[in-house]
Amino acid sequence: MPNDDDAPQPRKYAAPRGTSDLLPEAWPYWKFVRDTGERVCELFGYQRIDTPMFENAGVFLRTAGAGTDVVEKEVYLFEDRGGERLALRPEGTATVMRAYIEHGMSSLPQPVRLYYIAPNFRYDRPQAGRYRQHTQLGVEAVGDAEPMIDAEVIDLQATFYRQLGLAAVTLRLNSIGDSVCRPRYIEVLRDYYRSHLDEVCADDRMRFDKNPLRLLDCKEDRCQPIIAGAPRLRDYLCDACRQHFAQLQAYLRALAIDFILDERLVRGLDYYTRTVWEFHPAEEGAQSSIGSGGRYDGLVELLGGVPTPGVGFGSGFERLIFNLKRQGAPVPPAPPPALYLAHLTPEAAAEALRLADAVRSAGAEAVVGPQGRSLKAQMRHANARRARYVAIIGSAELAAGEATLRQLADGSERRVAFDGLPAAVGGEP
RNA sequence: GUGGGCGUAGCCUAGCGGUUAAGGCGCCAGGUUGUGGCCCUGGAGAUCGAGGGUUCAAAUCCCUCCGUCCACCCCA
């Protein structure tokens with residue numbers, strides 16, 4: 001509009017791409033997942049930790065690995081007004097390990113068992129199950145290299161899903177070796193692929209440089225024969241890794257946790273070592289993984305701490321909720337208000353405000369009707385909010401010092417003295 | 001970053017070249033004096049995503065951009 005006389009039109013804002021508003025009707029799901037996660041973590045003796053939503057950029061850029069997508073294109077980078085180079089957290093583990101080092105947690109009894117619920121940010125094209133801001137439950141067991149703790153963390157995760165009521169989740173498990181045997185394997189794999197580069201797809205040629213382990217996970221038909229003939233990671237695991245993996249499987253069997261070995265399972269971040277796993281729901285989709293984890297024995301060192309082993313997982317709320325909804329899992333509904341106070345005069349409005357506070361003090365929910373509306377309108381509103389009771393306060397009630405208390409379910413009505421109202425609607429004295 | 005689908009009131013949808021863009025849900029107000037859910041009546045609410053073009057005429061056709069959804073990549 002090239003018209004100078006036009007006042008600037010206020011822009012219509014929308015939530016940024018890949019983000020969404022969590023509306024009241026969706027909150028019960030969120031609360032259910034959050035409460036269940038917190039409870040299960042506490043059952044396993046994990047303690048809550050919260051770290052900032054942004055960190056010095058190096059915390060993520062130097063740990064995730066140079067060629068990874070996270071570092072190359074997904075991190076939200078910015079400079080603050082003081083010139084600090086910061087990044088919105090793309091994942092939780094690195095920030096928690098930074099805190100572990102900063103607060104000297106290596107002097108606590110090991111392992112240190114931690115959990116958190118926090119948003120992560122990744123600049124990526126949104127699609128089903130993938131957002132630029134998503135929330136994860138994260139669990140980390142730090143300072144223990146033994147496979148028993150891997151089993152414990154996986155057990156915790158499986159328990160979480162069981163308590164959520166998620167149907168038929170499957171666990172896929174793999175070992176990707178350590179800093180000794182994995183580089184050796186990657187060399188062997190590269191040597192093998194080098195002679196097949198003209199036969200594989202374009203993506204694979206990229207993976208060859210950036211992420212060779214992913215070559216094994218290609219879905220292109222023409223790449224399948226190449227994959228079939230490729231050297232196998234499990235044949236190149238060192239004895240220590242092999243034994244670690246075998247013991248973990250024995251523990252999982254002891255826990256009666258089913259798993260399938262998936263040699264194609266690889267993690268996106270470089271700091272993973274040995275154990276890696278993913279949980280998938282019964283019905284698969286493009287972004288199907290509902291939670292994944294792994295061991296990261298080299299991470300603390302990358303952040304400048306003394307070498308410290310660790311193992312953990314992250315599980316995305318949005319995908320969990322999507323699966324809960326898809327299978328029609330029951331979640332506890334948000335509690336409706338106990339009392340709605342309808343008022344007919346300005347004096348009654350003042351009394352309604354006062355009575356509402358008295359009811360709340362007694363621990364029951366109270367909502368007052370909007371000013372200046374008819375009784376009918378307030379009754380409709382009370383009904384829409386599913387209130388259990390409506391207290392009607394007009395001049396007659398004011399004169400008598402009593403409210404007319406109506407129960408919405410059956411329409412029954414009685415008079416209740418003002419000071420008896422909290423008890424009458426279920427409040428504690 | 002690549003490819004495809006879709007963009008009409010808060011939500012869902014009709015209209016697909018021709019006078020004041022239609023319906024449902026929701027919202028607001030009424031259906032006698034101070035009473036909800038069902039029903040009835042009325043009302044508010046849309047520069048038909050934005051810009052440009054074709055045409056006597058465009059929500060309807062074309063182009064560009066933006067947004068959104070889905071898929072690849074990757075990941076929770």
Side-chain angles (χ1 to χ4, degrees), chain A residues 1-2 6 9 11-20 23 25 33 64 67-74 90-93 117-138 157 201-204 206-207 210-211 214 217-220 265-269 278-281 285-293 313-323 340 342-345 348 369-370 372-398 404-413:
Chain A
M1 293 290 150
D6 273 350
Q9 287 299 305
R11 187 184 153 192
K12 216 172 172 182
Y13 288 106
R17 179 161 217 200
T19 69
S20 57
L23 300 175
E25 63 258 30
V33 171
T68 59
D69 274 14
V70 167
V71 165
E72 287 199 342
K73 57 179 200 189
E74 294 178 4
E91 55 109 5
T93 306
I117 293 168
N120 292 334
F121 306 87
R122 291 180 202 161
Y123 186 84
D124 204 349
R125 278 282 284 272
Q127 66 181 81
R130 193 173 73 189
Y131 310 96
R132 289 185 172 178
Q133 176 181 341
H134 76 279
T135 297
Q136 283 187 22
L137 167 71
Q157 192 176 2
C201 64
D203 280 337
D204 271 0
M206 219 173 55
R207 292 186 180 109
K210 284 179 55 179
N211 199 351
R214 281 243 172 261
D217 198 25
C218 187
K219 286 133 204 144
E220 288 286 328
L265 182 59
V266 168
R267 303 274 64 216
L269 306 177
E278 277 182 7
F279 278 87
H280 289 254
Q287 314 292 324
S288 64
S289 168
I290 53 173
S292 63
F313 73 84
S315 193
F317 274 36
E318 291 79 2
R319 290 186 188 176
L320 290 170
I321 289 167
F322 173 79
N323 281 285
Y340 186 99
H343 43 86
L344 305 176
T345 68
R373 300 283 192 85
S374 68
L375 179 58
K376 182 177 201 160
Q378 295 184 75
M379 290 299 296
R380 280 186 174 145
H381 193 195
N383 186 61
R385 288 298 318 275
R386 296 266 126 81
R388 278 204 300 284
Y389 295 97
V390 176
I392 298 165
I393 302 160
S395 30
E397 284 82 358
L398 276 184
T404 298
L405 188 64
R406 182 181 180 89
Q407 191 161 21
L408 284 191
D410 59 10
S412 63
E413 260 177 34

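Numbers restart at 1 for each chain; the letters A, B, ... are given by sequence-line order, proteins then strands.
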Atom C1', compared across B:rU33 and B:rC48: separation rounded to whole Å
46 Å
Given that A:S374 and A:S288 both sit by RNA chain B, which one's nearest nucleotide is further toward the 5' end?
A:S374
OP1 or OP2 of B:rU68 sitting under 4.0 Å from any side-chain N/O of A:R17?
yes
Separation of A:M379 atom CE from B:rC28 atom P, in whole Å?
15 Å
Does any donor-acceptor pair link the side chain of A:R130 with the base of B:rC73 at a separation under 3.5 Å?
yes
Could you check how far NE2 of A:H381 sits from C1' of B:rC27, rounded to whole Å?
11 Å
Closest to the A:R267 side chain: B:rG30, B:rA76, B:rC73?
B:rA76
What contact category does A:S292 fall into here, base, sugar-phosphate, or nothing, at under 4.0 angstrom with non-hydrogen atoms?
sugar-phosphate
In whole angstroms, the gap separating P of B:rG37 from CD of A:E413 amounts to 15 Å
Under 5.5 Å between ring centres and under 30° between planes: true for A:H134 and the base of B:rA76?
yes
Does A:A391 reach a base, just sugar-phosphate, or nothing at all? Heavy atoms under 4.0 Å.
nothing
Distance-only donor-acceptor test (3.5 Å): side chain A:N383, base B:rG37:
no
CG of A:L344 versus C1' of B:rG34: gap in Å, rounded?
5 Å
A:I392 and A:M379 have their tightest heavy-atom pair at CD1-SD, 4.5 Å
Rounded distance (Å) that lies between atom P of B:rG37 and atom CG of A:L375:
12 Å
Classify the nucleic acid contact of A:A128 as base, sugar-phosphate or nothing, counting any heavy atom under 4.0 Å across all strands shown.
sugar-phosphate
Nearest whole angstrom, please: distance from the C1' of B:rA29 to the CD of A:Q378.
14 Å
Among the candidates B:rG36, B:rA76, B:rC74, find the nucleotide nearest to the side-chain atoms of A:R207.
B:rC74
Name the nucleic acid region contacted by A:Q133, choosing base, sugar-phosphate or nothing; use a 4.0 angstrom heavy-atom cut-off, strictly under.
nothing
Taking the side chain as every heavy atom from C-beta outward, state whether A:R373 and A:H381 have any atom pair closer than 4.5 Å.
no
Is B:rC16 paired to anything, Watson-Crick or G-U wobble with both distances less than 3.5 Å, and if yes, which nucleotide?
none
For a quick check of understanding: with a heavy-atom distance under 4.0 Å over all strands, which category does A:R373 fall into, base, sugar-phosphate or nothing?
sugar-phosphate
Gap between atoms CD1 and C1', on A:I392 and B:rU35 respectively (whole Å):
5 Å
For the side chain of A:Q127, counting heavy atoms from C-beta on, which of B:rG34, B:rC70, B:rG36 is nearest?
B:rC70
Minimum-distance nucleotide to A:Q136 side chain [options: B:rU35, B:rA71, B:rA76]:
B:rA76
Base, sugar-phosphate, or nothing: which does A:A396 touch, judged by heavy atoms less than 4.0 Å apart?
base
Measure from the side-chain N and O atoms of A:R130 to the backbone N and O of A:R125, and report whether any donor-acceptor pair falls under 3.5 Å.
yes
Do A:L137 and A:F317 come close enough that some side-chain heavy atom pair is under 4.5 Å?
yes
Strictly below 4.0 Å: does A:S289 bring a side-chain N or O up to OP1 or OP2 of B:rA76?
no
Please state how far atom CG in A:D124 lies from atom P in B:rU2, giving the value in whole angstrom units.
13 Å
Do A:K73 and A:Y123 have side-chain heavy atoms sitting under 4.5 Å apart?
no
What I'd like to find out is whether the side chain of A:E278 reaches to under 4.5 Å of the side chain of A:S289, using heavy atoms alone.
yes
Strand partner of B:rG1, provided both Watson-Crick or wobble distances fall under 3.5 Å
B:rC72
Under 3.5 Å, is there any donor-acceptor pair linking the side chain of A:R125 to the base of B:rG3?
yes
